[in-house]
Amino acid sequence: MIAALWLLLAGCDETRIGAERAGPRVVFERPREGQVVAGIVEVVLDIAEGVAPSSVTLRTGDDEIVGSEEHPSRRPRFELDTSAFPDGPLELVASVRFADASRSRASVAVRVDNSSPRITILSPPDRAIRYVEDVPFPFSVRTVDSTGGLARVTLWIDDRAAQTFDPVTSSELQVLVDPRELLDPTVADLRLVRLRAVATDRLGRTGEASVDVHVRSRLELRFRTGDRIESTPAVLPDGLVAVGSMDRFLYFVRPDGTLHCRQDVGELVGSTSATSDGRGVVIGTSIALRRVDRDCAIRWTHPLRAIWRAGPTVGPDGTVHAATFDGQLYALDPATGRERWRFALNGNAQAAPAVGPDGTVYVGTLSGTLHAIAAGGIERFRFAAGSEIGAQPLATADGVYFGTYGGVVFALDPNGNERWRYMAGDFVQCSPAITSTGLVAICARDGVVRALDPTSGEERWRSMQTAYTYGGVAVGPDGVIYAGGVDGRLVALDGVGRLRWRQDGEAEFVSRPIASHGRLYFGGADGFLYGMWADGNPEL
């Protein structure tokens with residue numbers, strides 16, 4: 001019995017000696033639970049007062065020793081190089097042994113992320129084309145915060161820092177780049193510009209993105225005639241451009257800006273209109289109406305008085321219509337120039353007639369009368385506007401729109417009934433146009449382009465970007481609205497009147513521009529025919 005008691009006591013003592021007694025409390029002061037860590041991380045433990053620690057060992061959850069210390073302080077510190085571990089979850093385990101052989105243990109779960117800060121360029125896209133005439137374009141980026149926290153983002157244009165954001169307060173950042181600062185069109189017509197974005201975090205790591213932007217001038221064609229151009233050019237189906245000049249010549253110019261041929265007509269040459277067969281143009285001169293084919297041969301001449309500025313209009317069936325300053329409206333056969341019919345107007349006509357989809361011819365006079373003439377020269381109606389009509393009307397299936405020198409814009413239905421009138425408040429001598437959104441765009445002497453609701457006449461927007469416009473506004477196939485002014489500025493507006501780009505010239509523009517084949521053609525009082533990229537991007 002004594003032997004059995006001895007064995008029992010011996011067994012209890014052995015169990016007590018082999019067991020690990022819990023020592024003082026140990027916690028991770030840093031890093032904190034769930035923290036994202038990167039680079040060199042300081043690990044700090046906090047050991048409670050009590051028995052002195054004799055050793056401390058720092059391991060990972062996989063039992064890999066990453067640090068140890070004999071006779072540590074109550075707040076032992078270790079440097080942990082997180083780059084030695086893959087990105088992802090990491091468990092740190094601290095084991096502390098005390099002088100009385102007791103032990104304590106603590107753990108913390110963190111996440112390793114040694115990735116550099118990421119930055120992407122939202123706009124412009126790589127290999128984009130920007131034009132020197134354009135309004136400033138956005139250089140915008142999006143950043144993804146790194147573990148170190150973003151310290152700054154710098155946007156570079158070539159080797160010049162455009163702007164530095166420090167501190168970084170948003171994930172999306174932007175600067176506006178003025179293309180006029182990137183290219184001098186008198187020196188070069190194309191330049192490659194590198195836009196670069198660099199993000200730096202507080203650990204000194206960087207992320208970078210870049211795009212290449214081609215900067216060029218929109219101006220592609222500049223052909224000189226011998227005198228002022230006051231008429232709208234005409235563009236044939238193959239891209240050949242016909243334009244008349246006050247030097248008494250009609251010019252056919254190739255798309256590359258070289259002369260195809262020219263014809264001395266012996267009189268002041270005004271507006272040109274392409275024939276319906278696409279083989280030539282009809283022109284108004286100071287004393288006649290002529291058809292000139294693409295080889296510059298004059299096919300026919302029909303004597304008229306004072307037609308040159310107003311110019312002819314070709315109808316859907318090819319009939320050539322012309323209104324004269326002596327108060328006559330003519331309809332001519334396009335092949336022979338023979339007169340089909342004529343109509344005596346109530347006053348002199350200064351502007352070209354307009355032809356509606358149904359063939360009705362609308363023409364205004366300086367006596368303030370708008371005439372609507374059906375095929376065969378039969379008058380459908382006349383409307384007294386109360387003031388001179390000096391610009392070509394706009395004829396649509398829903399009716400006709402026109403302005404007067406009295407500053408009033410009218411809308412009539414197909415029967416000649418007034419639908420609405422709009423008080424522009426200033427002299428209107430420009431032709432209206434229908435925008436891509438179905439609004440009626442009109443300009444006045446005050447230099448304001450207005451967009452009116454076609455049903456009510458209510459003003460939807462206005463934009464004052466250029467000076468007084470004679471010729472009128474034009475709408476390109478992409479819906480951009482173009483207007484040139486006597487201040488030598490040609491502007492392009494979007495569908496709500498915001499400026500997209502402008503061309504600043506030294507000579508006034510008095511004719512309406514025309515958009516065709518992806519270009520915008522217009523004549524200047526300096527005697528030059530200009531061709532600019534109107535929509536889309538040219539090939540480099």
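Being a predicted model, the structure only gives us computed values, none of them experimental.
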Whether Trp420 and Tyr401 hold their rings parallel, tilted or perpendicular, with breakpoints at 30° and 60° |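 Rings of Trp420 and Tyr401: tilted, 30 to 60°.
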Can a salt bridge be assigned to the pair Arg489 and Asp504 using a cut-off of 4.0 Å between side-chain N and carboxylate O?
->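 Yes, this pair counts.
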Identify, with sequence neighbours excluded, every residue that meets side-chain hydrogen bond (donor to acceptor under 3.5 Å, both in side chains) alongside Glu458.
->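 Glu458: no side-chain hydrogen bond (donor to acceptor under 3.5 Å, both in side chains) contacts found.
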Mind checking what makes side-chain hydrogen bond (donor to acceptor under 3.5 Å, both in side chains) contact with Thr404, not counting sequence neighbours?
->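 For Thr404, no residue satisfies side-chain hydrogen bond (donor to acceptor under 3.5 Å, both in side chains) once neighbours in sequence are set aside.
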Give the C-alpha distance, both sets of side-chain angles, the deciding distance and a yes or no for side-chain hydrogen bond (donor to acceptor under 3.5 Å, both in side chains) between Thr164 and Thr154.
-> CA-CA 4 Å; Thr164 297; Thr154 304; 3.3 Å; yes
With sequence neighbours excluded, residues passing ring pair (Phe, Tyr, Trp, His ring centres under 6.0 Å) with Phe402 =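 Phe410.
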Could you pull out all residues at least two apart from Phe165 that satisfy ring pair (Phe, Tyr, Trp, His ring centres under 6.0 Å)?
->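 Listed in chain order: nothing, the list is empty.
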Cation-pi between Arg450 and Trp461: NZ/CZ under 6.0 Å from ring centre and within 45° of the ring axis?
->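 No.
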Which atoms form the tightest heavy-atom contact between Val269 and Gly244, and what is the distance?
->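 Val269 and Gly244 have their closest heavy atoms at CG1-CA, 3.4 Å.
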Which atom names give the shortest non-hydrogen contact between Phe85 and Thr60, and what distance separates them?
->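 So the minimum-distance heavy-atom pair works out to CE2-CG2, 3.7 Å.
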Please collect all salt bridge (charged side-chain N to carboxylate O under 4.0 Å, His left out) contacts where either partner lies in residues 231-259, sequence neighbours excluded, each pair once.
->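 Qualifying pairs, neighbours excluded: Asp238-Arg294.
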For residues 159-174, pull every pair meeting salt bridge (charged side-chain N to carboxylate O under 4.0 Å, His left out), keeping only residues two or more places apart or in separate chains.
->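 Matches after skipping sequence neighbours: Arg142-Glu172.
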Intermediate values then yes/no, salt bridge (Lys or Arg N to Asp or Glu O under 4.0 Å), Asp158 and Arg194 | CA-CA 5 Å; Asp158 285 338; Arg194 173 65 58 88; over 6 Å; no
Between Thr275 and Asp277, does any side-chain donor sit less than 3.5 Å from a side-chain acceptor?
->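 Yes, Asp277 and Thr275 have a side-chain donor paired with an acceptor closer than 3.5 Å.
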Approximate separation, where rounding is to 0.5 Å, of Arg130 CZ and Leu182 CG |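 Reported value, rounded in 0.5 Å steps: 11.5 Å.
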Gln429 CD to Arg445 CZ distance, which is reported to the nearest 0.5 Å =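 That separation rounds to 8.5 Å.
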Positive for side-chain contact (heavy atoms from CB on, under 4.5 Å) with Arg502, one of Asp134, Val135, Leu490, Val491 |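 With Arg502 as partner, side-chain contact (heavy atoms from CB on, under 4.5 Å) holds for just one option, Val491.
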